[in-house]
Asker: 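Input: one structure, supplied below.
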2 protein chains.
Amino acid sequence: MEIRIGDLAKRSGCEVVTIRYYEKEGLLPKPARSGGNFRLYGEAHIERLQFIRHCRSLDMTLSEIRALLGLRDNPMQDCGEVNTLLEAHIQQVEMRVSALLQLKRHLVDLREKCSGSRSVEACGILQGLGNCNCHGESATKSQTSG
Amino acid sequence: MEIRIGDLAKRSGCEVVTIRYYEKEGLLPKPARSGGNFRLYGEAHIERLQFIRHCRSLDMTLSEIRALLGLRDNPMQDCGEVNTLLEAHIQQVEMRVSALLQLKRHLVDLREKCSGSRSVEACGILQGLGNCNCHGESATKSQTSG
DNA sequence: TACAAACCCTATAGTTACTATAGAGTCAAG
DNA sequence: CTTGACTCTATAGTAACTATAGGGTTTGTA
């Protein structure tokens with residue numbers, strides 16, 4: 001049972017270019033090729049790609065996934081590392097949530113500052129954004145996926 | 001009162017390279033130069049950079065900040081756009097929080113699956129990551145700042 | 001005056017996880 | 001034999017920086 005990259009893409013809910021990208025990054029092994037140089041995938045590839053996509057849906061980085069795949073490929077190892085990795089990931093998510101909640105409080109405070117003046121010059125929001133004595137870093141990075 | 005880029009960096013809690021980057025991106029106007037070709041900044045630059053950094057600390061994108069700066073530079077305009085932009089940003093943050101909370105529930109569920117087997121082969125977590133019928137996209141992008 | 005440390009300059013490449021584009025080859029149906 | 005859907009490689013772009021290379025300037029001090 002050998003399928004081409006487009007079918008693999010459909011089965012995994014993942015774009016063709018992304019599959020090629022994972023191959024380049026070493027997450028997916030290089031598949032066999034057809035006479036016309038098309039990639040041919042088998043069961044193992046399908047399952048591995050689904051594993052990767054599931055991890056990605058849990059917002060793991062490719063480097064975390066690489067680590068999990070490495071553990072999976074050596075099944076005799078202690079599974080403590082799997083737990084450790086997952087635990088660290090959960091903590092990251094928790095930190096991100098609390099940073100975002102704090103951020104939201106600031107934004108909502110700021111929203112209250114518009115006096116309804118109708119002119120940019122007098123808008124309390126822009127003034128609120130100008131006067132700041134906090135020199136900290138941004139709480140979080142990046143935007144929600146489109 | 002003219003200060004050099006290093007002093008501006010200290011005052012704004014922002015790295016030197018980042019200031020140059022903002023200049024290249026058109027967020028900061030090109031400053032005067034000294035005889036030795038060093039950038040020389042005045043009050044207006046300092047205030048503008050602080051505005052930018054405050055917006056960044058609220059996780060706004062450079063493009064959102066560009067829009068706010070544009071409004072600030074034309075103070076006679078209606079301030080409704082400022083409110084709209086802020087409102088949209090708050091909604092983005094809210095969406096991101098709820099996506100992350102859902103994500104966390106999945107991760108915590110997964111954590112429970114390790115049976116304490118001590119071998120990767122039998123680890124319920126890796127098995128849980130392999131069997132997935134959800135072909136959806138990742139809920140969020142990127143990691144918390146380091 | 002000589003020298004070093006601290007500062008500054010430009011230009012380029014790397015980061016993450018893809019996405020988009022260009023230009024070409026392969027395969028099945030009509 | 002041509003059309004269309006599919007595939008191939010290689011390269012550049014995205015966001016907001018960070019890192020590096022290779023040099024010039026200023027300031028303090030011996």
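Letters go in sequence order (proteins before strands), and every chain restarts at 1. Side chains are part of it too, since the values below use all heavy atoms of this structure and drop only hydrogens, waters and symmetry mates.
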Asker: Nearest heavy atom decides the nucleotide; on that basis, is B:R4 or A:R4 closer to the 5' end of DNA chain C?
Answerer: B:R4

Asker: Want to settle it: does B:S34 or A:Y41 sit nearer the 5' end of DNA chain D, counting the closest nucleotide to each?
Answerer: A:Y41

Asker: If we ignore hydrogens and angles and just use 3.5 Å, is the side chain of B:R48 paired with the main-chain N or O of B:I52 as donor and acceptor?
Answerer: no

Asker: In whole angstroms, how far is the C1' atom of D:dT7 from the CG atom of A:L8?
Answerer: 14 Å

Asker: Give, ordered by number, those residues of residues 20-31 of chain A having at least one heavy-atom distance below 4.0 Å to an atom of DNA chain C; if nothing qualifies, reply none.
Answerer: A:Y21, A:Y22

Asker: To the nearest 0.5 Å, what is the distance between CG on B:L101 and CD on A:E94?
Answerer: 10.0 Å

Asker: Would you tell me if any nitrogen or oxygen in the side chain of B:T18 comes within less than 4.0 Å of OP1 or OP2 on D:dT18?
Answerer: yes

Asker: Any chance you could measure B:I90, atom CD1, to A:R105, atom CZ, to the nearest 0.5 Å?
Answerer: 13.0 Å

Asker: Kindly say whether B:C79 contributes a backbone atom to a donor-acceptor pair with the side chain of B:N83 at under 3.5 angstrom?
Answerer: yes

Asker: Whole-Å distance between C:dC8 C1' and B:I5 CD1?
Answerer: 8 Å

Asker: Figure out the CG/P separation between B:L62 and D:dT14, and round it to whole Å.
Answerer: 13 Å

Asker: On the six-membered ring of A:F51, is A:R72 placed so that its NZ or CZ lies under 6.0 angstrom from the centre and within 45° of the ring axis?
Answerer: yes

Asker: Would you please confirm or rule out a distance under 4.0 Å between OP1 or OP2 of C:dC18 and any side-chain N or O of A:R56?
Answerer: yes

Asker: Salt bridge between A:D59 and A:R96, side-chain N to carboxylate O under 4.0 Å?
Answerer: yes

Asker: How bent is the helix from C:dT1-D:dA30 to C:dG30-D:dC1, measuring the angle between the end axes built from five pairs each, rounded to 10°?
Answerer: 30°

Asker: Give a yes or no answer on whether the side chain of A:R66 reaches the backbone of A:G26 with a donor-acceptor pair at less than 3.5 Å.
Answerer: no

Asker: Side-chain N or O of B:R39 versus OP1/OP2 of C:dC9: is the shortest distance under 4.0 Å?
Answerer: yes

Asker: Rounded to the nearest Å, what distance is computed from the CG atom of residue A:D7 to the C1' atom of nucleotide C:dA28?
Answerer: 14 Å

Asker: CG of B:L49 versus C1' of D:dC17: gap in Å, rounded?
Answerer: 14 Å

Asker: Measure the distance from CZ on A:F38 to P on D:dA5 and round it to the nearest whole Å.
Answerer: 15 Å

Asker: Whole Å only: how far is the CD atom of B:E15 from the P atom of C:dC9?
Answerer: 15 Å

Asker: Return the value, rounded to whole Å, for the distance between atom CZ of A:R33 and atom C1' of C:dC27.
Answerer: 16 Å

Asker: Ignoring hydrogens and geometry beyond distance, is a side-chain donor-acceptor pair present between B:R53 and B:Y22 at under 3.5 Å?
Answerer: yes

Asker: Drop me the distance from B:I19's CD1 to B:S12's OG, to the nearest 0.5 angstrom.
Answerer: 4.5 Å

